[in-house]
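Report on the following structure.
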2 protein chains.
Amino acid sequence: MTGKPLILVVDDEVQIQRFLRHALDAAGYRVEPAMDAASALRAWSVLKPDLMILDLGLPDMNGKTVVGEIRQRSDLPIIVLSAHDQEQEKIAALDLGANDFIAKPFGIGELLARIRVCLRGTRPAQGAEDVLRRGDLVIDIPAHRVEAAGKPVRLTPREFDLLVLLARHPGRVMTHRQILTRIWGPAHTEDTPYLRVFIGQLRQKLEANPSDPALILTEPGVGYRMVDGV
Amino acid sequence: MTGKPLILVVDDEVQIQRFLRHALDAAGYRVEPAMDAASALRAWSVLKPDLMILDLGLPDMNGKTVVGEIRQRSDLPIIVLSAHDQEQEKIAALDLGANDFIAKPFGIGELLARIRVCLRGTRPAQGAEDVLRRGDLVIDIPAHRVEAAGKPVRLTPREFDLLVLLARHPGRVMTHRQILTRIWGPAHTEDTPYLRVFIGQLRQKLEANPSDPALILTEPGVGYRMVDGV
DNA sequence: CACCGTCTTTACGGAATCCTTATAACGCGG
DNA sequence: CCGCGTTATAAGGATTCCGTAAAGACGGTG
């Protein structure tokens with residue numbers, strides 16, 4: 001995706017095409033027009049655009065079919081336009097895989113802002129970073145995998161959640177209550193019997209010397225803390 | 001993120017809080033309420049929710065400030081509500097880092113659909129390739145054909161969709177929920193009975209040793225993951 | 001209408017995980 | 001040195017989760 005992002009504009013109305021072409025061009029995007037679904041799919045598979053703006057009312061094919069077709073094969077961000085502001089239509093388009101929906105008439109400023117959101121890529125539902133490193137520990141969150149001292153380590157789901165929680169707040173003490181509410185839900189906020197067990201299992205699997213922990217430290221009477229080493 | 005996604009609802013109007021709590025609960029989410037910006041930020045840092053719904057009109061702080069604060073430290077998906085349908089306000093909120101914007105009054109169905117979009121986790125275009133290769137596996141998407149170890153394999157449509165979905169995110173764990181929403185639609189997001197069946201059939205057809213899978217790995221309690229080997 | 005392939009549902013054995021409980025070790029103040 | 005509270009470790013049973021097989025439901029086709 002070097003240089004200007006390429007946007008595929010699919011709409012059969014000539015005025016809208018011209019309007020969008022000018023506005024997007026002025027905003028610094030490259031624009032590829034398509035007047036019907038067939039040429040849109042062709043242009044998509046050849047040009048590999050960075051984003052698609054799609055009008056639902058096309059002459060040759062239902063716009064929703066286009067969304068489905070593309071979503072089967074790619075994660076291309078799709079912004080759907082529609083003349084009608086029907087809620088059912090919005091829901092259908094979004095659930096088929098569209099990333100956003102705007103009803104006509106729309107403000108060009110809003111459209112540009114929503115384009116920026118799609119291209120910005122602030123998406124993952126987890127948190128700040130995808131891969132955390134703490135000492136010789138590597139936590140790959142999307143892949144759900146952990147390495148300690150270069151060796152891959154098998155962690156159970158709870159262990160993994162607990163480790164991620166601690167690693168996300170390096171150097172900071174997480175109280176028993178905080179840990180319990182975050183991982184076991186606000187119900188089990190009282191007793192801490194099995195929290196100890198899981199901490200122990202983590203140390204067993206991750207620490208070089210489990211009986212003298214260097215990664216997960218105990219803060220007596222308060223909680224646990226992960227070292228904030230690089 | 002064990003079980004149901006947790007949604008942080010920030011709004012100072014009691015009726016809206018109650019309305020959203022019921023609707024979101026019925027839709028299968030856990031809800032954490034917050035009436036003002038300060039408690040919202042506190043709840044966010046402690047609970048690490050999966051998504052936030054934020055009203056711009058708060059008593060103690062401008063909602064945009066909240067967006068900025070959070071966006072500095074996390075990629076948490078944020079859906080902004082506002083009483084006014086001012087375009088300038090939409091643009092400002094989106095450019096500050098909000099993922100979506102809905103003006104009141106809104107349809108609950110549309111809100112739920114936009115929540116699903118945010119939680120679906122679609123990343124911006126990462127190249128729509130026509131032919132994927134994973135180990136000795138070759139997936140020709142336009143031709144709808146698959147080869148394993150040089151031999152062509154017959155797959156049913158669902159099996160093919162599932163395989164493509166996994167192969168397009170190599171090394172990354174796809175949760176049960178993500179797989180179900182993207183292949184069977186957002187309706188069947190709960191049950192995982194037949195997902196197991198299809199995974200089993202895929203392994204039966206693709207793996208050299210189906211009882212010891214090397215391509216499609218299972219992440220207990222979370223989902224499935226395709227190896228990211230070249 | 002019968003056939004076929006696919007999709008969906010259900011049931012069950014086996015494995016892994018989670019939670020509980022019991023016991024030992026540690027730190028601290030008196 | 002002793003008692004107390006907190007923490008670490010180990011082992012057991014209960015529960016959940018996964019994989020597999022098989023049978024019914026559905027839709028398209030000849």
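Note: hydrogens, waters and symmetry copies are ignored here, and every other heavy atom, side chains too, is used. Naming: A, B, ... by sequence-line order, numbering from 1 per chain.
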Just to confirm, is there a sub-4.0 Å distance from OP1 or OP2 of [N] to any side-chain nitrogen or oxygen of [X]?
{"X": "Trp184(B)", "N": "dC7(C)", "result": "no"}
{"X": "Thr156(B)", "N": "dG5(C)", "result": "no"}
{"X": "Arg158(A)", "N": "dC19(C)", "result": "yes"}

Exercise for the section: By nearest nucleotide on DNA chain C, pick out whichever of Tyr194(A) and Leu155(A) is the more 5' one. Expected result: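 The residue whose closest nucleotide sits nearer the 5' end is Leu155(A).
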
Atom pairs under 3.5 Å, N or O on each side, protein against nucleotides 16-20 of chain D: can you list them with distances?
from	atom 1	to	atom 2	distance (Å)
dC18(D)	OP1	Gly221(B)	N	3.0
dG19(D)	OP1	Arg203(B)	NH2	2.4
dG19(D)	OP2	Tyr224(B)	OH	2.8
dG19(D)	N7	Arg196(B)	NE	3.1

Would you say [Y] and [X] are linked by a side-chain donor-acceptor pair, where the criterion is simply a distance under 3.5 Å?
{"X": "Ser39(B)", "Y": "Asp36(B)", "value": "yes"}
{"X": "Arg114(B)", "Y": "Asn99(A)", "value": "no"}
{"X": "Ser74(B)", "Y": "Arg168(A)", "value": "no"}

Mind calculating the distance between [atom1] ([X]) and [atom2] ([N]) to the nearest angstrom?
{"X": "Arg154(A)", "N": "dC18(C)", "atom1": "CZ", "atom2": "P", "result": "11 Å"}
{"X": "Asp161(A)", "N": "dC19(C)", "atom1": "CG", "atom2": "C1'", "result": "16 Å"}
{"X": "Phe160(B)", "N": "dT6(C)", "atom1": "CZ", "atom2": "P", "result": "14 Å"}
{"X": "Glu159(B)", "N": "dT8(C)", "atom1": "CD", "atom2": "P", "result": "12 Å"}
{"X": "Lys205(A)", "N": "dA16(C)", "atom1": "NZ", "atom2": "P", "result": "12 Å"}
{"X": "Leu180(B)", "N": "dT9(C)", "atom1": "CG", "atom2": "P", "result": "11 Å"}
{"X": "Leu202(A)", "N": "dT7(D)", "atom1": "CG", "atom2": "P", "result": "17 Å"}
{"X": "Gln201(B)", "N": "dA21(D)", "atom1": "CD", "atom2": "P", "result": "11 Å"}

Handout entry: Salt-bridge contact Asp75(A)-Arg182(B) (side-chain N to carboxylate O under 4.0 Å)
Key =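 Looking at Asp75(A) and Arg182(B), the cut-off is met.
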
Handout entry: Ion pair Arg145(B)/Asp140(B), N-O distance below 4.0 Å
Key =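 No salt bridge links Arg145(B) with Asp140(B).
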
Practice task
Taking the side chain as every heavy atom from C-beta outward, state whether Leu81(A) and Leu54(A) have any atom pair closer than 4.5 Å.
Solution key: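 No, every pair of side-chain atoms sits at 4.5 Å or beyond.
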
Exercise for the section: Could you go through the salt bridge (Lys or Arg N to Asp or Glu O under 4.0 Å) check for Asp55(A) and Lys104(A) one step at a time? Expected result: CA-CA 10 Å; Asp55(A) 190 327; Lys104(A) 297 181 190 174; 2.5 Å; yes

